[in-house]
Amino acid sequence: MTTMADLDELALALPQTTKDVSEDGRPSYQVHGKLFCVHRGRRRDAVDASTGERLDDVLMFRVADLGVKDLLLADERGVFFTTPHFDGYPAVLMRIPDLGRIDRDELFDLVAEAWLTRAQKRVAKAWLEAQAR
């Protein structure tokens, strides 16, 4: 079971990652100024199916490509979702309460994958080589 504190720790452990926090406390994580994970604000495209209310607890993670996105969306647990806003865009969404449905290793993989999509090639290569040791 993971939390926002785990997300923060894992993201900030990746090389050259920075964190910004919006005025209303929503974190976003970047590498070289490129966003790889963000706590989204309320948007028209993400609503609670039962109440119709706009969701304010949605995380966005970049993914390597649309094939990876499709694999995550097919996960039987229903943890990941998308909206029409993200059609054709390599990213998945997850509600913050659903962090508790994945373990730390899975969150690490998700965050690292997102980071790798945005990190400079030389930085990513060095990090991957260090992980292989």
Worksheet item: Could you walk me through whether Arg95 and Phe81 pass the side chain to side chain contact (heavy atoms under 4.5 Å, CB included) check?
Response: CA-CA 9 Å; Arg95 294 190 67 187; Phe81 69 99; 3.8 Å; yes
Item to complete: Go through the steps to decide whether His85 and Met60 satisfy the test side chain to side chain contact (heavy atoms under 4.5 Å, CB included), and finish with yes or no.
Response: CA-CA 12 Å; His85 178 77; Met60 185 277 299; over 6 Å; no
Discussion item. Go through it in stages, so that I can follow the logic: the residues are Val111 and Leu14, the test is side chain to side chain contact (heavy atoms under 4.5 Å, CB included), and I'd like the CA-CA distance, side-chain angles, deciding distance and then a yes or no.
Written reply: CA-CA 9 Å; Val111 171; Leu14 294 165; 3.7 Å; yes
Only pairs under 3.5 Å count here: list side-chain donor-acceptor contacts from residues 63-71, not counting sequence neighbours, and write none if there are none.
{"residue": "Asp65", "atom": "OD1", "partner": "Gly67", "partner atom": "N", "Å": "2.9"}
{"residue": "Asp65", "atom": "OD1", "partner": "Val68", "partner atom": "N", "Å": "2.9"}
{"residue": "Lys69", "atom": "NZ", "partner": "Thr82", "partner atom": "OG1", "Å": "3.3"}
{"residue": "Lys69", "atom": "NZ", "partner": "Phe86", "partner atom": "O", "Å": "2.6"}
{"residue": "Lys69", "atom": "NZ", "partner": "Tyr89", "partner atom": "O", "Å": "3.0"}

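Between Ala124 and Leu116, the closest heavy-atom pair is CB-CD2, 3.7 Å. Leu7 and Leu107 get closest at one heavy-atom pair: N-CD2, 3.8 Å. For Asp103 against Thr2, the heavy-atom pair with the smallest separation is C-CG2, 3.4 Å. Of all heavy-atom pairs between Lys19 and Asp8, the closest is NZ-OD1, 2.7 Å. Contact record, Asp57 with Pro97: OD2-CD, 3.3 Å, taken as the closest heavy-atom pair.
A donor-acceptor pair is defined here as one N or O able to donate and one able to accept, closer than 3.5 Å; no such pair exists between the side chain of Asp75 and the backbone of Leu72.
Taken from CE in Met4 to NE2 in His39, the straight-line distance is 6.0 Å, to the nearest 0.5 Å. In this structure, the separation between CE on Met94 and CG on Leu110 is 5.5 Å, given to the nearest 0.5 Å.
Taking the side chain to side chain donor-acceptor pair (under 3.5 Å) definition, one finds that Arg101 meets it with Asp98, sequence neighbours left out.
Residue pairs meeting the side-chain hydrogen bond (donor to acceptor under 3.5 Å, both in side chains) criterion with at least one partner in residues 114-127, sequence neighbours excluded, are Thr17-Trp115, Gln120-Arg122.
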